Amino acid sequence: MIYDYLIVGSGLFGAVFAHEAHKVGKKCLVIDKSDHIAGNVYCEKIEGINVHKYGAHIFHTSNKDVWDYINQFAEFNNYINSPVAIYKDELYNLPFNMNTFSKMWGIKTPAEAKEIIEKQRSEYKIGEPKNLEEQALSLAGKDVYEKLIKGYTQKQWGRPCTDLPSFIIKRLPFRFTFNNNYFNDRYQGIPIGGYTKIVEKLLDGVDVSLNTDYYDFIKINPNIARKTVFTGMIDEFFGYKLGTLEYRTVRFETEILECDNYQGNAVVNYTDYEVPYTRIIEHKHFEFGNQEKTVISREYSTEWTPGMEPYYPVNDEKNTHLYSRYKELAEQEKNIIFGGRLGQYKYYDMDKVIEAALHLVSEEL
Ligand code: UDP
């Protein structure tokens, strides 16, 4: 054995694990099939702007330990995510708050907003919400659901809201104050200089091999390491032998525009089902950029098929059940640890990935 750990995937989970293991003298090799490190937090400079190549990543957490941890590797700016939603020719603030309700119904006070929502909600007679549609209707009523949630969710997940779990919409704040902050977390920001630099620092001193496919590599090097930390797709690892888990993938249409400010905000969601993309990201606004040009990405969500990059696990009932069976198989693999969004088939945010990796590494070492 040459290494203590073979780490498959150089995203946040793998990089944090490698960093901590290396720190206490463990020999680690990180491999990644891609030609760059950092997985889906990878950023690339275009026209002097850090472009989030695999979709917008806004760091937010309420865990002070995680915040202190990540701040060792970058300084964060004071960006607060406040997306707007465009529905046909109407524009609303997100998340769902008094600015949204006031624009939607021409009202001014929380009491007026609550009265309207209560009236709309009572028409549905929903008990404990059983799916995303019931959850959204019972939180926000019919108008908000129809204009801001239904079409967007259907585009993003490719499934009707009645087939999706309610927790997906509970990620978003819903509040009766004039507050457009998309997150309730205590800490938030974008790392100055981008995320790739964080991962570079995490992997400082660790052996890294890019353009390296795990399945090819392990055939030739079966005894390379004592243990493996695997952050790829868990069903692929087991040769899909129990069936395939479903994922959503995202395609980006990125464009450089000859103007300095295209949409006035980093994130604009298109919540109407008829518009084919879910959102447009204007990357410079994450870092308050004043470059002459701008770079935008239109985001199209589709079902994952082999050969594509998986982004989101589809945590509905069917897939959750299938995952639990793969998890049983995983638990029998004593020398392999599964981690991250794909290894654990979990809709993790970045802070939760770091938390999970730190937890795991402390158990391991
Ligand atoms: N969502 C919505 N309308 C919006 C934004 C979000 O209905 O304008 C719903 C949608 O179901 C989405 C979920 O809220 O999947 C979570 O959104 P979030 O922005 O957290 O998704 P992510 O940034 O992870 O893609």
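Read the numbers this way: they start at 1 and go in the same order the structure lists the ligands and their atoms. Heads up: numbering here begins at 1 and tracks the sequence. All values derive from a computational prediction rather than experimental measurement.
Side-chain N/O atoms of N290 and D260 include no donor and acceptor closer than 3.5 Å.
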Notebook entry, point to check: Checking ring-ring contact (aromatic ring centres under 6.0 Å, His included) for the pair Y187/F59: CA distance, chi angles, key distance, verdict?
Noted result: CA-CA 8 Å; Y187 309 103; F59 198 91; 9.6 Å; no
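Outside the 6.0 Å centre-distance limit, the rings of Y326 and F237 are not counted as a close aromatic pair. Y247 and Y345 have their aromatic ring centers within a separation under 6.0 angstrom.
When the side chains of ILVMFWY residues are joined at heavy-atom separations under 4.5 Å, either directly or via intervening members, F288 and I49 end up in two distinct hydrophobic clusters.
Taking a heavy-atom cut-off of under 4.0 Å, ligand 1 is surrounded by L94, L148, I149, Y152, T153, Q156, W157, I168, I169, R171, L172, Y182, N269, T271, R279, Y312, Y347.
Sparse packing is recorded around CD of E292, with 12 or fewer heavy atoms of other residues, nucleotides or ligands lying under 6.0 Å away.
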